Structure formats: structure tokens, C-alpha cells
Amino acid sequence: MARKKFIREKRVYCGEEYLEVDIVPVTNMPEAGKAKKGKSSQAQKNLNDKRSKRRFVQIANTNFGAGDLHISATYDEEHLPITLEEAERNVHNYLDRVKRRMKRVLEQDLKYMLVTEYTPEKEEGQLVLEGMEGKQTRAVRIHHHIIMNGGLSRDDLELMWSATRINWKKAQNDPEYRKTVDYLGFVNCDRLQTNENGIEGLGNYINKGCRKWSTSMNLKKPKEKKNDHKYSFRKLRTLAQTPEDKEVWRKQYKGYEPTKIDFQYNEYTGWSVYLRLRKVRDRAK
């Protein structure tokens with residue numbers, strides 16, 4: 001099989017409003033994309049981490065926006081879990097509560113993205129976190145971030161972060177009832193704030209340090225489309241000469257406004273570019 005290099009355009013449509021585009025050189029040699037067996041370099045780990053964070057933002061922008069919510073939930077000393085597994089069990093019990101409440105009150109299904117953040121400290125003789133086998137660690141300030149669809153009262157969502165079985169009749173009618181609830185820790189619910197990059201800022205903020213993230217099964221997937229004939233090496237080199245020129249990308253992706261243009265050069269493969277774009281809103285409406 002003859003070795004062949006070409007430029008691939010990969011579009012990722014994140015719902016109706018956001019589009020990400022990678023224009024990169026690739027080769028058709030099967031072994032070119034395979035890592036060496038047993039290879040686990042820090043560079044590869046960093047790349048995997050970058051891809052994971054980017055995928056998180058893509059899914060978030062596909063499914064959530066204005067009107068939806070972000071919840072931060074922590075533990076106090078009394079309720080601090082000693083394993084990651086225990087923390088995951090706590091937060092999924094919470095999500096089950098929210099799911100039932102949303103179904104009863106709104107007749108809607110819960111949609112969510114969950115990030116569990118933790119800071120393991122190496123200390124001989126301490127507990128081993130689930131998923132951190134082989135390292136002597138202890139659970140340090142495990143906390144959770146949840147992005148979810150809106151509709152329920154933010155006060156009620158905060159109320160459910162508790163070890164108390166909620167009496168909803170009292171919660172709605174007795175102003176003093178909420179003070180008696182045994183909260184697991186500090187909890188805060190805010191409306192999502194979006195900009196030209198959707199909720200990328202929040203996505204990057206909650207995807208730091210050691211973390212695990214998961215989603216509900218009912219989320220939409222970003223749509224991907226590949227094209228190996230749109231760009232040539234020569235055309236990409238020409239575009240790289242004016243990296244800040246947004247007009248050329250408006251013409252290439254009509255109806256979208258570029259919000260980020262990132263050219264990269266590799267001495268072996270040549271130029272590549274990453275684009276982030278947002279659908280142009282109809283100002284006449």
C-alpha cells in the first residue's frame with residue numbers, strides 16, 4: 001500500500017449553535033496512528049486529558065445552555081466520604097432524588113453531566129481511593145459539579161443535597177423546616193452563563209485536577225463529519241500566512257462566526273488549524 005498524505009477536515013456540530021473544525025494532515029498508513037505497545041508517556045497522558053476535556057465541552061454545548069443549571073456540592077467533616085466509590089454513591093443517590101422530583105413536578109426527564117473532583121494526598125498508611133489503586137492516598141475534599149437541565153427550583157435542588165428524607169409538604173409550607181435538614185455539606189445552584197464559546201469556561205474550570213466525569217444516557221451526541229478533499233497542503237500553507245483573517249473562515253463556513261482560530265506548525269507534518277465557530281444569530285428577529 002502506497003503511503004499517502006492528505007489534509008482532513010473534521011467538523012463537530014455541537015447542537016444547532018456551535019461548530020468545531022480540525023484541519024489536519026493525516027496519512028493512510030494503518031500503523032501511523034498506533035502507539036507502541038506498552039507506551040505510556042506523559043505527553044500521551046496530556047493529550048488524552050486534553051481530548052477528554054474537549055469532548056466534555058462539546059457534549060455540554062450540544063445539550064445545555066441558557067435556562068439550565070450548574071450545581072456545586074461539597075462535604076462537611078461529618079459527611080466526608082473516605083473513598084471515591086462512596087462519594088459516587090452519594091451523588092448518584094442525589095441524582096436519583098432529583099430525577100424523581102423532576103418527573104413528578106415537571107413530567108420531564110433529568111439530563112445531566114457529572115464531574116467528581118478529588119485531591120489525593122500521598123501519605124503512607126492512609127486509605128486507598130477507589131480507582132487509585134497502587135497509591136497510598138486519603139480522600140481530600142471530594143466534591144461534585146453537576147450540569148443539568150433547568151426547571152426545578154434552585155432552592156429545592158440545594159435542599160436535596162442532604163442525608164434527610166425530604167418532607168415536601170413541610171418544605172413548601174414551613175419556613176423553618178429547611179433549617180432542620182442535615183445537609184451533606186455546602187451546596188450551591190446557579191444558572192448557566194454562556195458566551196460566544198457556550199459554557200467552555202465552566203467546562204474547563206470543573207475539569208481540572210484529578211476527576212471522573214459521566215453523563216446521563218439521554219444526552220444528544222455531537223455530530224461529526226469528515227472531508228478529505230476540501231483542503232490541500234498548499235491551501236493550508238496559504239491560510240497560515242494570515243492566521244487572524246476571520247473573513248476567509250466566514251466564507252468557508254457560511255452562517256458561522258469564528259470565535260477562535262489556532263494554527264499550529266509541526267516540522268514533520270506541516271500546518272494544522274483548529275477553529276471554533278458560533279452560528280450567526282438573526283438580528284432581525
Side-chain angles (χ1 to χ4, degrees), residues 8-24 49-72 95 98 102 106-115 145-152 154 157 189-208 211 213-228 230-231 239 243-264 272-285:
R8 169 168 290 168
E9 177 209 50
K10 179 182 177 182
R11 303 186 190 190
V12 181
Y13 292 91
C14 304
E16 298 295 325
E17 191 163 1
Y18 302 99
L19 170 63
E20 294 187 24
V21 183
D22 286 288
I23 305 170
V24 297
D49 183 62
K50 182 178 179 180
R51 287 173 176 168
S52 175
K53 290 178 179 178
R54 183 171 163 187
R55 184 64 178 173
F56 182 94
V57 172
Q58 289 173 343
I59 295 173
N61 277 338
T62 300
N63 291 276
F64 302 100
D68 294 322
L69 302 168
H70 167 234
I71 298 170
S72 298
L95 290 170
V98 175
M102 184 171 285
L106 304 175
E107 296 184 349
Q108 293 180 9
D109 292 324
L110 172 65
K111 299 192 299 181
Y112 70 85
M113 298 184 74
L114 164 67
V115 177
H145 294 277
I146 304 165
I147 298 172
M148 60 171 285
N149 49 324
L152 289 177
R154 289 187 288 167
L157 288 167
C189 180
D190 286 317
R191 294 185 181 92
L192 288 182
Q193 302 290 324
T194 63
N195 58 18
E196 69 273 10
N197 297 316
I199 57 174
E200 183 195 25
L202 173 63
N204 289 338
Y205 169 72
I206 65 180
N207 263 289
K208 60 186 186 299
R211 71 201 177 282
W213 67 268
S214 59
T215 74
S216 57
M217 299 295 291
N218 56 352
L219 298 188
K220 296 177 182 178
K221 294 182 179 179
K223 296 180 180 178
E224 299 184 3
K225 182 179 178 181
K226 295 178 182 178
N227 188 340
D228 295 339
K230 187 177 179 69
Y231 295 93
L239 291 170
E244 302 299 324
D245 186 358
K246 290 188 175 183
E247 186 58 34
V248 67
W249 301 113
R250 295 187 185 107
K251 292 178 180 178
Q252 293 289 335
Y253 304 99
K254 292 183 179 179
Y256 286 91
E257 177 67 19
T259 60
K260 183 175 182 178
I261 306 169
D262 183 17
F263 276 92
Q264 298 287 336
S272 63
V273 61
Y274 164 71
L275 304 168
R276 189 185 300 123
L277 307 101
R278 185 179 189 179
K279 195 86 170 179
V280 176
R281 296 175 179 175
D282 188 353
R283 293 185 174 86
K285 292 184 179 180

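For this chain, numbers begin at 1 and follow the sequence in order. Note that this is a predicted model, so its numbers are computed, not measured.
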Test: Asp22 and Lys226 ion pair at under 4.0 Å: no
Please say which of Gln193, His145, Arg191 ends up in a side-chain hydrogen bond (donor to acceptor under 3.5 Å, both in side chains) with His70. His145
Does any non-hydrogen side-chain atom of Leu19 lie less than 4.5 Å from one of Val12? no
side-chain contact (heavy atoms from CB on, under 4.5 Å) assessment of Leu95 paired with Tyr112: CA-CA 9 Å; Leu95 290 170; Tyr112 70 85; 3.7 Å; yes
Do other residues, nucleotides or ligands put more than 12 heavy atoms under 6.0 Å from Lys50 NZ? no
Just checking, is any N or O donor in the side chain of Gln264 or Asp262 under 3.5 Å from an acceptor N or O on the other one? yes
Between Gly150 and Leu106 the two heavy atoms that sit nearest each other are O-CD1, 4.4 Å
Determine whether Leu114 and Trp213 satisfy the following criterion, side-chain contact (heavy atoms from CB on, under 4.5 Å), listing intermediate values before the conclusion. CA-CA 5 Å; Leu114 164 67; Trp213 67 268; over 6 Å; no
Would you call Asn227 and Arg8 a side-chain contact if the rule is heavy atoms closer than 4.5 Å? no
Got Leu69 and Leu192 here, is their nearest side-chain heavy-atom distance under 4.5 Å? no
Tyr18 versus Val57: any side-chain heavy-atom pair under 4.5 Å? no
Tell me whether Glu200 is salt-bridged to Arg276, with the criterion being a basic N under 4.0 Å from an acidic carboxylate O. yes
Interatomic distance, Ser72 atom OG to Tyr205 atom OH [nearest 0.5 angstrom]: 6.5 Å
Phe64/Leu219 under side-chain contact (heavy atoms from CB on, under 4.5 Å): CA gap, chis, key distance, verdict: CA-CA 10 Å; Phe64 302 100; Leu219 298 188; 3.9 Å; yes
About how many Å separate CD of Glu196 and CG of Leu277, when rounded to the nearest 0.5 Å? 12.0 Å
Can you tell me which residue pairs pass the salt bridge (charged side-chain N to carboxylate O under 4.0 Å, His left out) test with a partner in residues 248-258, sequence neighbours excluded? Glu247-Arg250, Arg250-Glu257
Evaluate the side-chain proximity of Leu202 to Asn204: yes if any heavy-atom separation is below 4.5 Å, no if none is. no
Check Glu17 against Tyr256 and note the closest heavy-atom contact, atom names and distance. O-CE2, 4.0 Å
Thr62 side, atom OG1; Met113 side, atom CE - distance, nearest 0.5 Å: 9.0 Å
Please evaluate residues Glu20 and Arg54 with respect to the criterion salt bridge (charged side-chain N to carboxylate O under 4.0 Å, His left out), reporting the C-alpha separation (whole Å), side-chain torsions for both, the decisive distance (0.1 Å), and the verdict. CA-CA 10 Å; Glu20 294 187 24; Arg54 183 171 163 187; 2.9 Å; yes
Where Ser272 and Val24 come nearest, the two heavy atoms and their spacing: CB-CG1, 3.8 Å
Report the distance from atom CD1 of Ile23 to atom NZ of Lys230, rounding to the nearest 0.5 Å. 8.0 Å
Can you find a pair of side-chain heavy atoms, one from Tyr253 and one from Arg11, that are under 4.5 Å apart? yes
Look at Lys10 together with Glu224 and state whether they make a salt bridge at an N to O cut-off of under 4.0 Å. yes
Intermediate values then yes/no, side-chain contact (heavy atoms from CB on, under 4.5 Å), Met148 and Leu157: CA-CA 11 Å; Met148 60 171 285; Leu157 288 167; 4.0 Å; yes
Measuring from Ile59:CD1 to Lys220:NZ, what's the distance to the nearest 0.5 Å? 14.0 Å
4.5 Å side-chain heavy-atom contact, Phe56 and Ile206: yes
Which atom of Asn61 lies closest to which atom of Gly198, heavy atoms considered: OD1-CA, 3.4 Å
Can you confirm whether Asn149 sits close enough to Met102 that some side-chain heavy atom of one is under 4.5 Å from a side-chain heavy atom of the other? yes
Quick one: pull up CG in Leu110 and CG in Asn218 and give me the separation to the nearest 0.5 Å. 7.5 Å
